[in-house]
Amino acid sequence: MVLDGASSGLWFDGWKGRGPPLGRYADANREPEVASPRTWLLSKGWRRIGLVDPAEVPGG
């Protein structure tokens, strides 16, 4: 799995391990294109469940 350069995953700090490799168009030095979390649940609370493995996919 390679991180899509147009994805907000570039700024996500909840990856398990090192996180997915950056795609060839991803630039980690550019300004964040996402808003910072402003609530406890979005900034810290969700981490109680565990970090996100880059290999995980949504299941049904």
Side-chain angles (χ1 to χ4, degrees):
M1 178 198 160
V2 175
L3 185 62
D4 181 349
S7 167
S8 62
L10 181 63
W11 296 281
F12 181 62
D13 67 350
W15 296 116
K16 184 183 288 183
R18 291 180 36 195
L22 299 177
R24 69 181 195 190
Y25 299 110
D27 179 7
N29 297 319
R30 70 182 190 218
E31 287 292 317
E33 297 175 7
V34 295
S36 297
R38 292 184 276 166
T39 65
W40 173 84
L41 182 59
L42 291 175
S43 63
K44 296 179 183 151
W46 70 269
R47 292 175 187 263
R48 288 184 174 192
I49 297 172
L51 297 177
V52 179
D53 186 333
E56 289 181 42
V57 294

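Nothing here was measured: the structure is a model prediction, and the numbers come from that model.
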- Provide the closest heavy-atom pair for P54 versus K16 in the form atom of the first, atom of the second, distance. CD-O, 3.8 Å
- Item | Straight-line distance of L41 CG to R47 CZ, nearest 0.5 Å | 12.0 Å
- Looking only at heavy atoms, the pair that brings W15 and L51 closest together is O-CD1, 3.8 Å
- Shortest non-hydrogen contact between V34 and S8, atoms and distance: CG1-CB, 3.3 Å
